[in-house]
Amino acid sequence: MSAVPAALKVNHRPVDLEGVPADERLLDTLRWRLELRGTKEGCRSGGCGACTVLVDGRPTLSCLTLTRELDGREVTTIEGAPDHPAGRAVLEAFESEGAVQCGYCTPGFVMALTGFLGRTPRGHRSTERLLRELQGNLCRCTGYAAIARAVDRAGREAP
Amino acid sequence: MSSFDLVAPASEEEAVAWLARAPTGETAVLAGGTDLLNDLEEQRIAPRHLLSLRRLPWNRWSWTGPALTIGSTTPLVDLEYDPKIRSEFPGLIGAIEAVGSVALRARATLGGNLGRSGSASDLIPMLLALDASAEIVGPSGRRSVPVDALVVASRRPALDPGELIRSVLLPEPRASAYLWQRIRPAQDVSHVGVAAAFSPGDGRWRIALGGVPPRAIRIHPGASELPGRPSKAALEAAARRAAERLPLATDLRATGEYRRLVAHALVIRAVEAAGAMREGAP
Ligand SMILES: Cc1cc2nc3c(=O)[nH]c(=O)nc-3n(C[C@H](O)[C@H](O)[C@H](O)COP(=O)(O)OP(=O)(O)OC[C@H]3O[C@@H](n4cnc5c(N)ncnc54)[C@H](O)[C@@H]3O)c2cc1C
Ligand code: FES
Ligand code: FES
């Protein structure tokens, strides 16, 4: 029975989990232990999507994930998005469509969309489908129109 | 310092043995944690140990002829991306897609949903309409229990001390649909959820209604009451009778009267949607 996890990787770098308290959430590990402040805390209870990161390529809420549950797994945060083929396209689309106002929700949107596009070939990226993947992401600034344009563009341009 | 420690047994036997040794009330079982972490944060529970199920081989599914057995710790997203499950159990996929957001479903599991036994669960009505049973493992071995007999009360499923939900069995593929009413798709929970499924085995419909405290209810109309291909009038009458069975529960989400009106409309639509799938069948 192992109470001690091996390690996980964050943006390809190994992170030793020895000494990480059992109750520490991935959100807090990223922001406070690893000083990767791109990942945002909104509600801390699963309802806003601001804390979304990729775990083994899949959008996952870091606020509802205990870090030590992830031993052996690979986490990608917004800081790793530029090195992710779909992530780069999503970042560029958000920028060129002006889909960012205060920016607090942006990392969550970018990672949720990156996870979906990374796994979904062109031809399966209808606007409706893409927006459905983002239902868990809230934005209090933009009114969503610019985000929707960016999402469409990313769907067309991501590899 | 953490107020609890985290243990992750590598086998079912170890997990059961750990629970048998632990003093009652000191250990909480952790699957995806989407409910449990909120319970911890709100101090609804204060366990000394969390028993994580992550290393158990329960995170997969298997087919035995037409029957599907889903391991209790399978993340819900894995199920929704499987084309065969989608075509054989469309209503289950509809219900899964109603659970929070995609990023929540990367963690949330079927076993955790049953462990929570929430009255607003979207999965429980569909499992009832599919006549699902749960396989339980515990100090006295394995047993199987209908989901209907398991989800008896919110946060208190009918499990004996030290028992774990191992898997969920769906006996046969069914034309099925799940429909819900709520304010926002991913941030709210269902005020009413309606599951409908048609059993090719006995030629009868199953309807289940959820979202209403204290728990989801299962309705099994007779073949004369709701025939395989019901007339508009028969369906209308069956839907009215089903809605009348809903407890008249008013809470901060909706009034009892509103819920019955919505349930009536959703039963009609769910049976029609599932019926349309049967038309497409050979
Ligand atoms: C923002 C948000 C939105 C949500 N929206 C919905 C929704 O729309 N519809 C819906 O149905 N649910 C919803 N939920 C609830 C939740 O996501 C589900 O109940 C989920 O399926 C629970 O699974 P889990 O693996 O995360 O469970 P956990 O949180 O790990 O466990 C839940 C409970 O079950 C027990 N348990 C877990 N696994 C087992 C097992 N194998 N055997 C015995 N006991 C076990 C745990 O001890 C705990 O008490 C939502 C939750 C959040 C936070
Ligand atoms: S902070 Fe995680 S969903 Fe809101
Ligand atoms: S840009 Fe401010 S919350 Fe979305």
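Numbers restart at 1 for each chain; the letters A, B, ... are given by sequence-line order, proteins then strands. Worth knowing before you read on, the calculation uses all heavy atoms, side chains too, and leaves out hydrogens, waters and symmetry mates. Since this is a predicted model, take the numbers as computed values, not measurements.
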Derivation and outcome, side chain to side chain contact (heavy atoms under 4.5 Å, CB included), residues B:T34 and A:L61: CA-CA 9 Å; B:T34 61; A:L61 300 177; over 6 Å; no

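- Remark: the backbone N or O of B:R184 is not paired with any side-chain donor or acceptor of A:Q135 at under 3.5 angstrom.
- To the nearest 0.5 angstrom, A:R68 atom CZ is 8.0 Å from B:S2 atom OG.
- Two residues are said to be in side-chain contact when any heavy atoms from C-beta on lie closer than 4.5 Å; B:V102 and A:R132 fail this criterion.
- Within a 6.0 Å radius of CZ in B:R60, more than 12 heavy atoms belonging to other residues, nucleotides or ligands are found.
- Atom CZ of A:R44 is surrounded by more than 12 heavy atoms from other residues, nucleotides or ligands within 6.0 Å.
- Rounding to the nearest 0.5 angstrom, the gap separating the CD atom in B:Q187 from the SG atom in A:C48 is 8.5 Å.
- When the shell of 6.0 Å around CZ of A:R140 is examined, it contains 12 or fewer heavy atoms from other residues, nucleotides or ligands.
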Determine, step by step, whether A:T60 and B:L104 satisfy the side chain to side chain contact (heavy atoms under 4.5 Å, CB included) criterion, reporting the C-alpha distance in whole Å, the side-chain angles of both residues, the deciding distance to 0.1 Å, and the verdict. CA-CA 6 Å; A:T60 301; B:L104 182 92; over 6 Å; no

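- Here A:T65 is the residue among A:T65, A:T52, A:L134 with the most heavy-atom pairs under 4.5 Å with chain B.
- Proximity to chain A (any heavy atom under 4.5 Å) is shown, for B:E42, by neither the backbone nor the side chain.
- Both the sub-6.0 Å distance and the 45° axial angle are not jointly satisfied by A:R58 relative to the ring of B:Y81.
- Residues of residues 106-114 of chain B lying under 4.5 angstrom from chain A, judged on non-hydrogen atoms, are B:A106, B:R107 by number.
- Other residues, nucleotides and ligands contribute at most 12 non-hydrogen atoms within 6.0 Å of the CD atom of A:E95.
- Counting heavy-atom neighbours within 6.0 Å of A:R122 CZ, excluding the residue itself, gives a total above 12.
- Counting heavy-atom pairs under 4.5 Å between each of B:L30, B:D188, B:D5, B:L40 and chain A puts B:L30 at the top.
- The candidate from A:P21, A:C63, A:P59, A:G108 with the greatest count of non-hydrogen atom pairs under 4.5 Å with chain B is A:P59.
- For the atom pair A:E69 CD and B:L6 CG, the distance stands at 5.0 Å (nearest 0.5 Å).
- How far CZ of B:R55 is from CG of A:D71: 7.5 Å, rounded to the nearest 0.5 Å.
- Judged by distance alone, with hydrogens and angles left aside, the side-chain atoms of A:R25 form a donor-acceptor pair with the main-chain N or O of B:L37 at under 3.5 Å.
- Other residues, nucleotides and ligands contribute only 12 or fewer heavy atoms inside 6.0 Å of the CZ atom of A:R88.
- When the candidates B:S52, B:G100, B:G32 are compared by the number of heavy-atom contacts under 4.5 Å with chain A, B:S52 comes out ahead.
- For B:L36, no part lies under 4.5 angstrom from a heavy atom of chain A.
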